[in-house]
Amino acid sequence: MNFMKTNPYKIFSPLKKASENARHAKRQWKKHNKTFHFSNLVLYLTVVFLFIPLFVVIFYSFNKSKDTNFTGISFVWYEKLIFESQPLWRALLNTIIVAITSALVATILGTLAAIGNSWYKFKGKTYIQTISFLPMVLPEVIMGTSMLIFFSGVKLSLGLFTIFIAHTTFCLPFVYLMVSARVDSFDYSIIEASHDLGATEVQTLFKVIIPAIMPGILSGFMMSVTMSMEDYVITSLVSGPGSTTLPLYVYSMIRFGVSPVINALSFVLIMVIVVLTVILRKSLKTFAASR
């Protein structure tokens with residue numbers, strides 16, 4: 001039987017139906033359980049606490065005045081953002097380049113590491129599982145300093161490439177953790193079914209395993225992009241001339257007072273992130289339904 005024309009997920013249609021019944025029961029329970037609880041109040045207050053700073057930033061991005069006194073609605077800061085902020089755009093471009101590339105490499109390495117470490121036995125497996133989480137618990141100052149010493153020892157010039165290596169290093173454990181959680185809940189019988197249908201190891205990896213754990217992979221990638229874009233401590237230690245990222249640029253402006261142009265850029269980034277999140281959420285739902 002040709003594996004490429006056979007979907008091993010079809011074999012487990014009863015499991016899929018049971019999962020759909022469970023989701024339906026959960027929706028029905030939520031529909032009938034509309035009693036207000038203290039936990040709801042805490043949730044609403046937490047959401048308000050988290051989103052109020054964003055609304056303040058958006059509000060002052062339309063302020064005509066440079067200070068906190070509201071003097072009228074104006075788009076002057078958006079005009080300055082587009083036409084008079086070349087250094088800011090260069091810093092943002094550096095940030096995006098480093099974030100995308102480091103997140104992509106970290107996602108590939110973290111995914112392969114999670115699969116290999118979960119399903120294969122080899123010497124030093126426990127040791128690798130332990131040290132893989134060190135970048136998550138070490139203070140950023142220590143991690144950045146150690147990388148700076150390493151780069152100096154190997155005579156590697158500081159710049160975007162060293163920032164890329166540093167960001168890949170500290171993003172890798174987060175991808176590994178998210179993908180490992182997905183791999184641990186994976187039904188291994190699906191792999192056995194793919195082997196019975198004649199699939200090779202490579203075909204099983206790309207046609208069965210990766211599609212099944214794709215939500216974890218995408219979550220790890222998005223988490224890596226976010227962490228890379230907002231990192232300051234490690235970036236400041238391993239950056240060099242001409243490699244200024246957005247956090248470094250914004251921090252350098254604080255000594256002179258943050259310009260409302262940053263507020264305008266923040267609003268643009270918020271809108272872009274919201275759109276990408278909605279698209280990704282719908283894509284994941286569509287992907288899950290197709291399985």
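The two residues L205 and P211 have their closest heavy-atom pair at O-CD, 4.2 Å. Shortest non-hydrogen contact noted between A199 and T204 is CB-OG1, 3.6 Å. Closest approach of M229 and A99 over heavy atoms only: CG-CB, 3.6 Å. Across all their heavy atoms, G198 and Q203 have their closest contact at O-OE1, 4.0 Å. Residue A103 comes nearest to V225 through the heavy atom pair CB-CG2, 3.5 Å, listed as atom of the first residue, atom of the second, then distance. Heavy-atom minimum distance, S194 versus V208: CB-CG2, 3.9 Å.
Atom-to-atom distance recorded for S266:OG and M271:CE is 13.5 Å, nearest 0.5 angstrom. Here W77 contributes atom CH2 and S65 contributes atom OG; the two are 7.5 Å apart, rounded to the nearest 0.5 Å. Rounding to the nearest 0.5 Å places CZ of F151 at 11.5 Å from CD1 of I149.
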**Request:** Determine, step by step, whether I217 and M214 satisfy the side chain to side chain contact (heavy atoms under 4.5 Å, CB included) criterion, reporting the C-alpha distance in whole Å, the side-chain angles of both residues, the deciding distance to 0.1 Å, and the verdict.
**Result:** CA-CA 5 Å; I217 295 175; M214 185 57 69; 4.2 Å; yes

**Derivation and outcome, side chain to side chain contact (heavy atoms under 4.5 Å, CB included), residues W89 and L92** = CA-CA 5 Å; W89 287 113; L92 178 61; 3.5 Å; yes

**Item:** Verdict with supporting geometry, S152 and L148, side chain to side chain contact (heavy atoms under 4.5 Å, CB included)
**Value:** CA-CA 6 Å; S152 299; L148 177 60; 4.2 Å; yes

**Request:** Please test N94 against S243 for side chain to side chain contact (heavy atoms under 4.5 Å, CB included), starting from the C-alpha separation and ending with a verdict.
**Result:** CA-CA 7 Å; N94 291 338; S243 60; 5.5 Å; no

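More than 12 heavy-atom neighbours from other residues, nucleotides or ligands sit within 6.0 angstrom of CE on M227. Counting non-hydrogen atoms of neighbouring residues, nucleotides and ligands closer than 6.0 angstrom, the CD1 atom of I73 reaches no more than 12 such neighbours.
In summary, of the residues considered (T168, I163, T235, V98), a side-chain contact (heavy atoms from CB on, under 4.5 Å) with S228 occurs for V98 alone.
Residue I97 is not grouped with residue L269 when hydrophobic side chains (ILVMFWY) are merged at heavy-atom distances under 4.5 angstrom, including chains of intermediate members. The hydrophobic clustering, which links ILVMFWY residues whose side-chain heavy atoms are closer than 4.5 Å, places L54 and I273 apart. Note on I82 and L265: separate hydrophobic clusters, where clusters join Ile, Leu, Val, Met, Phe, Trp and Tyr whose side-chain heavy atoms are under 4.5 Å apart, directly or indirectly. Residues V56 and V261 share a hydrophobic cluster, clusters being chains of Ile/Leu/Val/Met/Phe/Trp/Tyr side chains in contact below 4.5 Å. Hydrophobic clustering, with ILVMFWY side chains joined whenever heavy atoms are under 4.5 angstrom apart, keeps Y232 apart from I142.
Residue pairs meeting the side-chain hydrogen bond (donor to acceptor under 3.5 Å, both in side chains) criterion with at least one member in residues 96-117, sequence neighbours excluded, are N117-Y176.
Here the side chains of T245 and L248 are in contact, with some heavy-atom distance below 4.5 Å. Using a 4.5 Å heavy-atom cutoff, the side chains of F267 and V57 are not in contact. Side-chain contact between L88 and I262 is present, with heavy atoms from C-beta onward closer than 4.5 Å. Side-chain contact between Y78 and S61 is present, with heavy atoms from C-beta onward closer than 4.5 Å. The side-chain heavy atoms of I234 and M143, taken from C-beta on, include a pair separated by under 4.5 Å. The shortest side-chain heavy-atom distance between P215 and R182 falls under the 4.5 Å cut-off. The shortest distance between side-chain heavy atoms of V268 and L81 falls below 4.5 Å. Side-chain contact between S239 and T244 is absent, with no heavy atoms from C-beta onward closer than 4.5 Å.
Between F62 and F75, the ring planes lie perpendicular to each other; the angle is over 60°, past the 30° to 60° tilted range.
V42 pairs by the side chain to side chain contact (heavy atoms under 4.5 Å, CB included) definition with F38, T46, not counting sequence neighbours.
Between H167 and S224, the side chains place no donor N or O within less than 3.5 Å of an acceptor N or O (distance only, hydrogens not considered).
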